[in-house]
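Everything below concerns the one structure shown next.
Computed from a predicted structure; not experimentally measured.
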Amino acid sequence: MAVDPSKLSMAFDPSKLQTQIDIKPPPPPFFTESAAETLQEPKLSFFASRYRRPRRRRADTWLISLFVILHIVAFMATMVVNDCWSKSHGDCALKAFGRLSFQPLSENPLLGPSASTLDEMGALRRTFLTENHQTWRLFTFPCLHAGAIHLVINLSCVIFVGIHLEQEFGPSRFSFPFQFLGVILHEQLVMAGLIYILSAFVGTLVAALFVEKRPSVGSSGALFGLLGATLSALIQNWEMYTNKFTALASVIFVSIGNFLLGLLPYVDNFSSIGGFISGFLLGSVFLSSPKVKEVAQDKGGLMDYDLKSYIKSRLRQKLDRPVYRSVSILLFGLMLAGCLVGVLQGINMNQYCGWCRYADCVPSKSWSCRDTENYCETMASNEQLTLTCMANGNFRVLPFTNISQARTNDLCSVICS
């Protein structure tokens, strides 16, 4: 049978044959399915790792949320005990709140309770520790807020920083540095929560070394612990974050804003300083290398990642980080032990640093930073009570006489200021 030459040439046309063969290039090294997901995932801006897996669970933020709820409950209980409407005879701010109304702004500019209520709920004074030996206040001190303004700003920052840390680093079973202590943690802990608790405790110990005769609360210590840990993680993993300068500026802005808030009455700034330092050290231990192995695998699917970069990151993880983490946990242990011994010995750091009190208080017409006892002379007549400060001669006439001694001391402090 004769074959048509034109059909034979079309059957073996090289151009036709080339279009039928699908040549696939070899996959890049270390390519995984997660790498494909990462390749399609847009880079995350501000406070987020650009290589973070989208499948990370959002439900891992329960611990910080629990702390926030407990702080709100504690503040509500404080305002119920304060009962400005009855104890202050209606001389309150926002009277429409009734029993939950706040003390006058001249007494508490943060819209909160009186000094005597803070004392009753567990605030710190030096006399409580040195004379009355009420060490239980070391555990109530970091749970209290000076007012509604302090509460809102503090918890907003805790939510912003703490939940990010929980989402970024996730829950983990800690084996370092607890193994050398012979302790095995079987429960699943969240890194941000552990940093939160330890920073709050160390911040309380630092505050106890500087606390004076006026009451103070230190819920900001835990927040500054999270800020210190965030700064530590940001510095150590600088190349893994987008908008790094924006993140750094945000940490600095939040820190400065809350530190300035601590210059107002009743808010302790020394707990913030102690919490920040301890949080930075703990962040160097727990947040020094978040999910390094996963990040390396994910990055393997990207065209700009090669074997040399992978080996370099692995060597840095194995050689550099353990030494850095060991030094950090050692410094944290020394800080914790030193502050604890100082508190138990009743050391007053203000005797060695006369200007340190101005890191916690700025003098104003409404309050004084002097660490002195206030004494007032009381005189009752015609259902009126007159309080006269013995230090400056200021006085105030009250249209009632049925007032408790604790409330009298509160008003005396305002008059003498």
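A donor-acceptor contact under 3.5 angstrom links the side chains of S220 and H150, judged on distance only.
Sorted by first and then second residue, the salt bridge (charged side-chain N to carboxylate O under 4.0 Å, His left out) pairs involving residues 118-134 (not counting sequence neighbours) are D119-R125.
Aromatic ring orientation, F201 versus F139: parallel (interplanar angle below 30°, classes split at 30° and 60°).
Under 4.0 Å is where a charged nitrogen must lie from a carboxylate oxygen, and between R407 and D410 at least one such pair does.
Under the rule for a side-chain hydrogen bond (donor to acceptor under 3.5 Å, both in side chains), S328 has no partner lying at least two apart in sequence or in another chain. By the side-chain hydrogen bond (donor to acceptor under 3.5 Å, both in side chains) test, N258 pairs with no residue at all, sequence neighbours left out.
Taking 4.5 Å as the limit, every side-chain heavy atom of N154 sits out of range of all side-chain heavy atoms of L261. Within the 4.5 Å cutoff, the side chain of C84 has no heavy atoms near those of the F102 side chain. A heavy-atom distance below 4.5 Å is found between the side chains of M335 and V206.
With hydrogens and angles ignored, the 3.5 Å screen pairs a side-chain donor or acceptor of S255 with a backbone N or O of V251. In this structure, N409 contributes its side chain and Q405 its backbone to a donor-acceptor pair below 3.5 Å.
The one candidate from T117, N82, N108 that meets the side-chain hydrogen bond (donor to acceptor under 3.5 Å, both in side chains) condition with Q103 is N82.
Counting heavy-atom neighbours within 6.0 Å of W136 CH2, excluding the residue itself, gives a total above 12.
Of the two cysteines examined, C389 and C412, the SG atoms fail the criterion of being under 2.5 Å apart. By the SG-distance test at 2.5 Å, no disulfide connects C376 to C416.
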